[in-house]
Amino acid sequence: MSRRPSAFDALMSGARAAAAKRKSNPEASPSKKRKSAESKPPLVTNGEKAAVDSVKPELEMEISSTGNGTADAASSDAKQCDPVECVKSDAAEEPGAKKPRAMTAEERRAELKSKIGSLKKKPADFDPRSVACWEDGERVPFLFLFLCLAFDMISNESGRIVITDIVCNMLRTIIKTTPDDLVAAVYLSANRVAPAHEGVEMGIGDASIIKALAEACGGKEAHIKNQYKEKGDLGLVAKESRSSQSMMRKPAALTVAKVFDTFRIIAKESGKDSQEKKKKHIKSLLVAATDCEPQYLIRLLQAKLRIGYAEQTLLAALGQAALYTENHSKPPPHVSSPLEEVITGQIIFMIHLKKNKGYFEFATSITSNDLEEIQNFLEASVDGSCEGLIIKTLDTDATYEPSKRSNNWLKLKKDYMDRWDTIGAFHGRGKRTCVYGAFLACYDPDNEEFQSICKIGTGFSEVVLEERSASLRSKVITKPKSYYRCGETINPDIWFEPTEINDFSCFSVKAADLTISPAHQAAVGIVDPAKGISLRFPCLLCIRDDKNPEQATSSAQVGQCPNKMPSGMIKADDRKLCPPSRCRMKLSMESCAV
DNA sequence: AGTGTCTGCCC
DNA sequence: ATTCTGC
DNA sequence: GCAGAATGGGCAGACACT
């Protein structure tokens, strides 16, 4: 259902008063020039403040406007006259228009690109008008947003401060010129379509995107998939496979508002043929996209912007932008605080329990600071099929704080350790392009079959991943061996020679648990006639490259019983609970986020 | 109506 | 979920 | 220590396909 409210949501839900104000004035057409239309006090800062404050209310308005418009997506598309066109005609009608000739799209882009660098200035030195190549009130070009966020800007920066400054300046630019677009810009750059607690999702995944992409560029799905594997970035694939259909008439340039609206429409589509409709919307965006736009459109759809910038940075930038554009004399009324939301959540929870005739009960607990005692209690809990313990300090005032990790509440869990061979791998994506992103581990029951047990994609340092990828690349075979047994839903990109032929090297893997798996085949037939066993939270510990290894875990061992696995080793964590020599299992402590 | 695929969400 | 990396 | 970006198993619900 609804997720935990984030700081982002809290911020975005500011100033309902402004909402009321705006709702009473719904005529304010976004495509009209703001200066004259709103005729707010001459003091710009006030206008900007309103813009910042009204982020949420505006969103609500937009939602309702698109929602009430028409059920049919196409017509609602059409109804929203293209913002750029509107503005252009506006300008043409206006006798005193500053810019006599509308620039061509290319000219605009060139201008934008040449100016965009100054976003890097310290906010104090930044003139929020200096980079805008659109007029006040004109819809902000989508390209602007993603030139800022990606092109030579953020993606080439690694310092948080600089990135925050850039985003801050970007937001200020929008606030200054087209405050109506702020909501869309903020949501887009947060890669969201609605506040988290509303649970609105686009319902678009890689598979749908690949289909849309294939149709958009007239290629085959398989081809797109291969490109994806090769390039590790669907966005790049989109960018490079430009539409093959010649476009006689270039659609109007994408705007921030247009993209955001379309995303909302996509999110709202449901029921029969909804997938088809979503695909259509995506294609329509792609057709209109130029430059690096396809790349970021696709990345947005995937919710993988991966430019080293995400919610927290946006938050900081938003706050900073607000500081630069207003005087924060009075906090907006009725800002719902995170605390409020939490309380609300609890009430809902209790109602829910009542409905379902649930009840509370105290967890089994001990009070102790004796390590051995805790250790025994942990083992008892594990024997009782619990995941582990929650440890809570009694010294400090350890209240539960949602979404926060602290050392006052800790999860205490056990780990399993074992060694597995590798029979396959998957191409890495993003920063793992060109290396394998995950490996298919298996175990070998008495040398007759290699049965898949899990994929492993975490625990690799970059160096290890590089090395492993390099050394395994020479072991690639075209088809899985007949004695590789692996669930049908698991399709590695690459298969490897069996490890007998390799120089023996297997993975030391740790896991939180063993589970009966519908997908993996380890020890199939032992625990279940059709199901195998898999690992929960598998994670690479190290790679054993010795020539004379002990054998990897055998079928008998795994098959015995989940939760009863012989544990390999004993390695204490940074925060030791007990001396390693006494541990039979690794104690993994983490702060508790519940 | 039954099965398969995809997505989101949980951990 | 777990983990690694750069700041 | 934080933020971000890689990656895991498994399940339920929604659609699409047959």
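Each chain gets a letter, A, B and so on, in the order the sequences are listed, and its residues count up from 1.
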Whole-Å gap separating [atom2] ([N]) and [atom1] ([X]):
X	N	atom1	atom2	value
A:Leu535	C:dT2	CG	P	14 Å
A:Asp493	D:dT7	CG	P	11 Å
A:Glu387	B:dC10	CD	C1'	11 Å
A:Glu488	B:dT3	CD	P	15 Å
A:Lys411	B:dC11	NZ	P	8 Å
A:Leu465	C:dC4	CG	P	12 Å
A:Asp206	D:dA6	CG	P	13 Å
A:Gln312	D:dG1	CD	P	17 Å

Of the nucleotides [options], which has the atom closest to the [X] side chain?
X	options	value
A:Glu462	C:dT5, B:dT7, D:dC15	C:dT5
A:Ser534	C:dT3, D:dG9, B:dC11	D:dG9
A:Ser158	D:dG4, C:dT2, C:dC7	C:dC7
A:Ser274	C:dT2, D:dA3, D:dA16	D:dA16
A:Glu201	B:dC11, B:dC9, D:dA5	B:dC9
A:Gln275	D:dC15, C:dT5, D:dG9	D:dC15
A:Ser461	B:dG8, D:dG4, C:dC4	C:dC4
A:Ser517	B:dC11, C:dC7, D:dG10	D:dG10
A:Pro518	D:dG8, D:dG10, D:dC15	D:dG10

Just N and O in the side chain of [X]: are any of them under 4.0 Å from OP1 or OP2 of [N]?
X	N	value
A:Arg160	D:dC2	no
A:Lys413	B:dC11	no
A:Lys304	D:dA6	no
A:Thr313	D:dG4	yes

TODO: Just jot down the salt bridge (Lys or Arg N to Asp or Glu O under 4.0 Å) partners of A:Lys239, sequence neighbours excluded, or say none.
DONE: none
Open item on the list: Can you list everything that forms a salt bridge (Lys or Arg N to Asp or Glu O under 4.0 Å) with A:Arg432? Sequence neighbours excluded, please.
Closed with: none
- [ ] Could you tell me whether A:Lys304 and A:Asp233 make a salt bridge, using a distance below 4.0 angstrom between a side-chain N and a carboxylate O?
- [x]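 No salt bridge links A:Lys304 with A:Asp233.
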TODO: May I ask you to say whether A:Arg536 pairs ionically with A:Glu387, meaning some side-chain N is under 4.0 Å from a carboxylate O?
DONE: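 Result for this pair is yes, salt bridge flagged.
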Open item on the list: Applying a 4.0 Å non-hydrogen cut-off, can you work out what A:Phe460 is touching in the nucleic acid: base, sugar-phosphate, or nothing?
Closed with: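 Here A:Phe460 touches the backbone only, sparing every base.
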Open item on the list: For a quick check of understanding: with a heavy-atom distance under 4.0 Å over all strands, which category does A:Ile204 fall into, base, sugar-phosphate or nothing?
Closed with: sugar-phosphate
Open item on the list: For A:Ile490 and A:Lys431, find the nucleotide of DNA chain D closest to each by heavy atoms; which residue's nucleotide sits nearer the 5' end?
Closed with: A:Lys431
Task: Comparing A:His520 and A:Gly308 on DNA chain D - which has the more 5′ nearest nucleotide - done: A:Gly308
Open item on the list: Please find the pair of heavy atoms, one from A:Ala194 and one from A:Tyr187, that lie closest to each other, and give the distance.
Closed with: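 Scanning both residues completely, I find the closest heavy atoms to be C-CE2, 3.6 Å.
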TODO: State whether a side-chain donor-acceptor pair under 3.5 Å links A:Gln320 with A:Asp165.
DONE: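 Looking only at side-chain atoms, A:Asp165 and A:Gln320 do form a donor-acceptor pair, the distance falling under 3.5 Å.
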TODO: Using only heavy-atom distances, decide whether a donor-acceptor pair under 3.5 angstrom links the side-chain of A:Thr458 to the base of C:dT2.
DONE: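 Indeed, a donor on one side and an acceptor on the other fall under 3.5 Å apart.
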Task: Rounded C1' spacing from C:dA1 to B:dG8 in Å - done: 15 Å
- [ ] Would you mind reporting whether A:Arg468 and A:Phe507 have side-chain heavy atoms less than 4.5 Å apart?
- [x] yes
